[in-house]
Undergrad: 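Have a look at this one before I ask anything.
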Amino acid sequence: MGEYEKAMRPEDLTRLFVERSNAGDAAGVAALYEEHAVLAYPPGQFTVGRAAIRQLWEQVLAHRPQFTPEPPLPTLAADGIALTATPPKDGAGARAQVVRQQPDGSWLRLLDQPEFQRPGGAG
């Protein structure tokens, strides 16, 4: 993991996620997550742990999706924890991540909710 650029601000994680996804780099995407991170994806399911996130993202990136950077909402941060979020293009809900500062000062994702579904809604 040492060769990857580190996210020195919480907002860097979203940019790096888009860059690495668009480059087809599942390992690079997984490197943005803590070892025991939880990703709320696929919809209605949870993917737990960096290794599982990497495997999932290898499948996602096999379809060569292109991700577009989204302007971030203001970051909330306190005591080494931050909440980052971006509004999706369709204006429904938001994407949100809880990120944690690491001992070296960089930031990694701990919880990732890429899309909020309305409770009981057809999502």
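The shown structure was predicted, so the numbers you read here are calculated from the model rather than taken from an experiment. Positions are given from 1 along the sequence.
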Undergrad: Remaining members of Leu83's ILVMFWY cluster at a side-chain heavy-atom cut-off under 4.5 Å?
TA: Val38, Phe46, Val48, Leu76, Ile81, Val98, Leu110, Leu111
Undergrad: Locate the shortest heavy-atom distance separating Pro87 from Pro71; write the atom from each residue and the value.
TA: CD-O, 3.3 Å
Undergrad: Could you tell me the separation between the CG atom of Leu56 and the CG atom of Leu61, rounded to the nearest 0.5 Å?
TA: 9.0 Å
Undergrad: State, to 0.1 Å, how close Arg64 and Gly24 come at their nearest heavy-atom pair, and which atoms those are.
TA: NH1-CA, 3.5 Å
Undergrad: Return the set of residues passing side chain to side chain contact (heavy atoms under 4.5 Å, CB included) with Gln102 (not counting sequence neighbours), or none when no residue passes.
TA: Glu34, Arg100, Asp104, Ser106, Leu108
Undergrad: Run the side-chain contact (heavy atoms from CB on, under 4.5 Å) check on Tyr4 and Asp25 step by step: do they pass?
TA: CA-CA 11 Å; Tyr4 286 113; Asp25 184 359; 3.0 Å; yes
Undergrad: Indicate yes or no: at least one non-hydrogen side-chain atom of Arg15 is less than 4.5 angstrom from one of Glu5.
TA: yes
Undergrad: The criterion is side chain to side chain contact (heavy atoms under 4.5 Å, CB included); which residues satisfy it with Glu11, sequence neighbours excluded?
TA: Arg9, Thr75
Undergrad: My understanding is that only residues two or more places apart in sequence, or in another chain, count here; which of them pass side chain to side chain contact (heavy atoms under 4.5 Å, CB included) with Thr14?
TA: Thr86, Gln97, Arg109
Undergrad: In terms of the angle between their ring planes, are Phe17 and Trp57 parallel, tilted or perpendicular, with boundaries placed at 30° and 60°?
TA: tilted
Undergrad: Hey, are Tyr33 and Asp112 close enough side-chain-wise for a donor-acceptor pair under 3.5 Å?
TA: yes
Undergrad: Please lay out, stage by stage, how Trp107 and Leu13 fare under the test side-chain contact (heavy atoms from CB on, under 4.5 Å).
TA: CA-CA 8 Å; Trp107 294 79; Leu13 286 164; 4.1 Å; yes
Undergrad: By the rule that ILVMFWY residues connect when side-chain heavy atoms come within less than 4.5 angstrom, directly or transitively, which residues belong alongside Leu73?
TA: none
Undergrad: Does any N or O in the side chain of Thr47 come within less than 3.5 Å of the main-chain N or O of Ile53, such that one atom is a donor and the other an acceptor?
TA: no
Undergrad: Just jot down the side chain to side chain donor-acceptor pair (under 3.5 Å) partners of Glu35, sequence neighbours excluded, or say none.
TA: Arg50
Undergrad: Can you name the closest pair of heavy atoms from Pro114 and Arg95 and give their distance?
TA: O-CG, 2.9 Å
